[in-house]
Each structure stands twice: as C-alpha cells, then as structure tokens.
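Fair warning: this is a prediction, and the values are worked out from it, not measured in the lab.
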Protein chains: 2
Amino acid sequence: MENRIEKIKKQLHSQSYKLTPQREATVRVLLEHEEDHLSAEDVYLLVKEKSPEIGLATVYRTLELLSELKVVDKINFGDGVSRYDLRKEGAEHFHHHLVCVECGSVKEIEEDLLGDVEKIVESQWEFKVKDHRLTFHGICKKCQSHDDDK
Amino acid sequence: MENRIEKIKKQLHSQSYKLTPQREATVRVLLEHEEDHLSAEDVYLLVKEKSPEIGLATVYRTLELLSELKVVDKINFGDGVSRYDLRKEGAEHFHHHLVCVECGSVKEIEEDLLGDVEKIVESQWEFKVKDHRLTFHGICKKCQSHDDDK
DNA sequence: CTCGCTGCAAATACTTTGCAAAGGA
DNA sequence: TCCTTTGCAAAGTATTTGCAGCGAG
C-alpha cells in the first residue's frame, strides 16, 4: 500500500506534479476499493469521510490527472457515469470486465485474453494497438443459479 | 435500404410500437450514416434537415427505443457522449472498433474476433456471455505513415 | 514572490421527464 | 374514445471552468 503510494508519488514528481494531501487521499480511496468501480461522486464521498474539506472538483481533477498518467483507467459501462479503475501493478493493458445484466455486478479479469486478437488486428488492419477496452455483458454465475429456481 | 426500414418496422410492430414519421426519419439518418458514430445531437441535427419539426427529446426517445430492440447499439468512446451504431443485418454481436488516439478516426471491424475468448470466459468464469464491447485504442494506418515524416 | 493547487460557485453539456396537444386505430 | 407519440420547456445529472486565496519552495 505505502509502497504503491510511493510509486505514484514518484510518477507524479517525474512530470512535476505534486502528491498533495488531497491527491493522496484520493489515491488511498482508490487503493482501498480496488475491486470496485467507483464513479467520481463515489470517490468524492469516500474521500470526504477522511478529508471533509475536499471539493468535488478536486476529485475530478485528480482522477483526470491520474488517468493521464495511466495510474487509473476511466471506463464507462453504459450508464451515464465515468468510473475509475486502478491499473494493476505493472499491467500493460487494461483488464477486462464481466458485467452481469441481471444483478449489475462487475467482475475483473486480469488474464490477457487478447494477445492473439491484437496480433490479428495489427497485421490485418495495420493498426498499432496501444490499449483496449473489453467488456462482456451477460449473466454471472450467481444469477444463473438463481434463474434455475424460476 | 427500404428493405431494412421494412424489417425494422416489423420489429417495432411485433412489440406494438409504431414506425412514426419521426422514427422513420431517424432510422433513415442512421442508415445513411452507417459508418459514422453519431451522437444523439448529431442525429438530431441531421434529422432536422429533412424534418425540421422534430424535437431533440424525440430523437433521444427513438434512439433509446431502437437500442432496446437491438437495432442500434449505444456506445461510448470515452468522451462524455453516447453514440449510436446500427447493428449490421443479422449480426449477433456488436462489432468491434479501432479508435485512433491521434486523429480520432473510428474504424469498424465486422469479423467476430472473440469466439475463442468467449468460450474461455464461459468455461473459466462460468459467465454466460450475451454481448460484448471491444474497442482498441491505438494508431491507425494513416497516422502511422504521417508519423514517419517526423 | 511565484506558481501550482484547491474549494466554491457558476457554467456547461448531455440526457430525461412532465405535460398538454395531436393523431391513428 | 383510447392509447401512443410528440414537441416544448423544465428539470436532472455529470462534469468542467473561473477565480480568489492558500501554501510550499
């Protein structure tokens, strides 16, 4: 945890940004909720618990900054809200998501499933892939078994 | 073209919706701009050229309706705007996109590249896949050659 | 002192909703 | 007549921006 904060701090410094208390508080919230997919508002409310003086605009600005630095990925699951997802340590690509259309749960997949597909895209369409977004919509394990009850 | 309008009309009727003039005008715009990725506002302005009396809310409502019927797919490339993309005839899944981070161009890929990946997801995570969203971010052919100039 | 960073409030952008009127079955 | 659909305006969200003040170097 402290270790990752330290790394992010260095990353900010390398671009002459500072890890201010507000920014640190925001990063901590993200670290504590790695599994979740928080909206800016969510992050704001959580940060506010520890640092009540923070403003919503600051949270937006921080998330935007972290997004530029590739510390977080901004993602949108189709509701009108942007969500922010911490990149895993050393991850080159954004991880994938399984969104359950019944219960709304979101599961993350770390494995890179797209290696072959990217090769095809690069050769067949001559498109230099830098990153990707892959989300599956479907029914999660839990909802499948619930459906059996019906 | 007329053929596809006819099909959509039947699809609406089967759910007891009507293909009103406004809805038809909206569908025609989508058909005429299949390659583009129009926002609601874009569609509105284009429909307005032919049917100036239409209201923006109607366009939103129509797009929402078409989205439910899976005639169009709603997609979001990360700017704050929802875009609407007509499904290809008979397509089971949403097609993929290549978004160029330099020039912003968006290319569509019809081929289903995810067959194997979906099988893995279904068996390994016991997740019943219904649909997907796959977008690659990278550099398109054109921008790659421009970069050579530098 | 300088300059980046912050909080607040206001502005903006996008989308949805309420409602009375219109129109087809 | 009944019920869906529409246009307009208003309301709602989500996000961004302007700006004065603060604070580390």
Side-chain angles (χ1 to χ4, degrees), chain A residues 8-29 37-69 71-85, chain B residues 8-29 37-69 71-85:
Chain A
I8 292 168
K9 187 173 179 177
K10 280 182 191 152
Q11 220 175 329
L12 283 163
H13 284 171
S14 74
Q15 316 258 327
S16 28
Y17 293 116
K18 299 169 199 165
L19 184 64
T20 63
Q22 290 89 338
R23 287 177 182 165
E24 182 171 334
T26 304
V27 170
R28 282 184 189 279
V29 162
H37 299 82
L38 305 174
S39 67
E41 184 85 32
D42 296 336
V43 174
Y44 171 61
L45 292 174
L46 287 165
V47 175
K48 233 172 171 343
E49 291 176 7
K50 299 272 180 70
S51 314
E53 30 7 286
I54 201 169
L56 176 56
T58 301
V59 171
Y60 270 104
R61 283 184 283 227
T62 301
L63 291 172
E64 174 63 28
L65 178 60
L66 294 174
S67 197
E68 273 168 32
L69 296 178
V71 171
V72 304
D73 283 298
K74 193 173 177 178
I75 192 170
N76 193 301
F77 290 127
D79 52 350
V81 203
S82 292
R83 296 175 183 283
Y84 298 85
D85 214 354
Chain B
I8 291 167
K9 186 174 181 177
K10 280 182 190 152
Q11 221 175 328
L12 284 162
H13 284 170
S14 74
Q15 317 257 327
S16 28
Y17 293 115
K18 300 167 198 166
L19 185 63
T20 63
Q22 290 88 339
R23 285 176 184 167
E24 182 171 334
T26 305
V27 171
R28 282 185 188 279
V29 162
H37 298 82
L38 304 175
S39 66
E41 184 86 32
D42 295 336
V43 174
Y44 171 62
L45 292 174
L46 287 165
V47 175
K48 234 173 164 1
E49 292 177 6
K50 299 272 181 69
S51 315
E53 44 345 304
I54 201 169
L56 176 57
T58 301
V59 172
Y60 270 104
R61 283 183 284 228
T62 301
L63 292 171
E64 175 62 28
L65 179 60
L66 294 174
S67 196
E68 274 168 32
L69 296 177
V71 172
V72 302
D73 284 296
K74 192 174 177 177
I75 192 172
N76 194 301
F77 290 127
D79 53 350
V81 203
S82 293
R83 296 175 183 283
Y84 299 84
D85 213 353

Could you state the [atom1]-[atom2] distance from [X] to [N], rounded to the nearest angstrom?
{"X": "Glu53(A)", "N": "dG21(D)", "atom1": "CD", "atom2": "C1'", "value": "16 Å"}
{"X": "Lys9(A)", "N": "dA24(D)", "atom1": "NZ", "atom2": "C1'", "value": "13 Å"}
{"X": "Leu19(A)", "N": "dG25(D)", "atom1": "CG", "atom2": "P", "value": "13 Å"}
{"X": "Leu38(A)", "N": "dT15(D)", "atom1": "CG", "atom2": "P", "value": "13 Å"}
{"X": "His13(B)", "N": "dA25(C)", "atom1": "NE2", "atom2": "C1'", "value": "12 Å"}
{"X": "Tyr17(A)", "N": "dC3(C)", "atom1": "OH", "atom2": "C1'", "value": "14 Å"}
{"X": "Ile54(A)", "N": "dC5(C)", "atom1": "CD1", "atom2": "P", "value": "14 Å"}

Worksheet entry | Residue list, salt bridge (Lys or Arg N to Asp or Glu O under 4.0 Å) with Arg28(B), at least two apart or on another chain | Glu2(B), Glu24(B)

Practice prompt. Please list, chain by chain and in numerical order, all residues satisfying side-chain hydrogen bond (donor to acceptor under 3.5 Å, both in side chains) with Ser39(B), sequence neighbours excluded.
Written response: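 Expected list: Asp42(B).
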
Fill in: With sequence neighbours excluded, residues passing side-chain hydrogen bond (donor to acceptor under 3.5 Å, both in side chains) with Asn76(B)
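side-chain hydrogen bond (donor to acceptor under 3.5 Å, both in side chains) check on Asn76(B) returns nothing, list empty.
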
Discussion item. With side-chain hydrogen bond (donor to acceptor under 3.5 Å, both in side chains) as the rule and sequence neighbours excluded, what pairs involving residues 52-63 of chain B come up?
Written reply: none

Fill in: Nucleic acid footprint by protein, nucleotides 12-24 of chain C - heavy-atom cut-off 4.0 Å, B for base, S for sugar-phosphate alone
--SBBBB------

Worksheet entry | Any donor-acceptor pair under 3.5 Å from Arg23(B) side chain to Lys18(B) backbone |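 Yes, Arg23(B) side chain to Lys18(B) backbone: donor-acceptor pair under 3.5 Å.
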
For a quick test of your reading: what N or O donor-acceptor pairs under 3.5 Å do the side chains of residues 8-16 of chain A make, sequence neighbours left out?
residue  : atom : partner  : partner atom : Å
Gln11(A) : NE2  : Leu69(A) : O            : 3.1
Ser14(A) : OG   : Gln11(A) : O            : 2.7

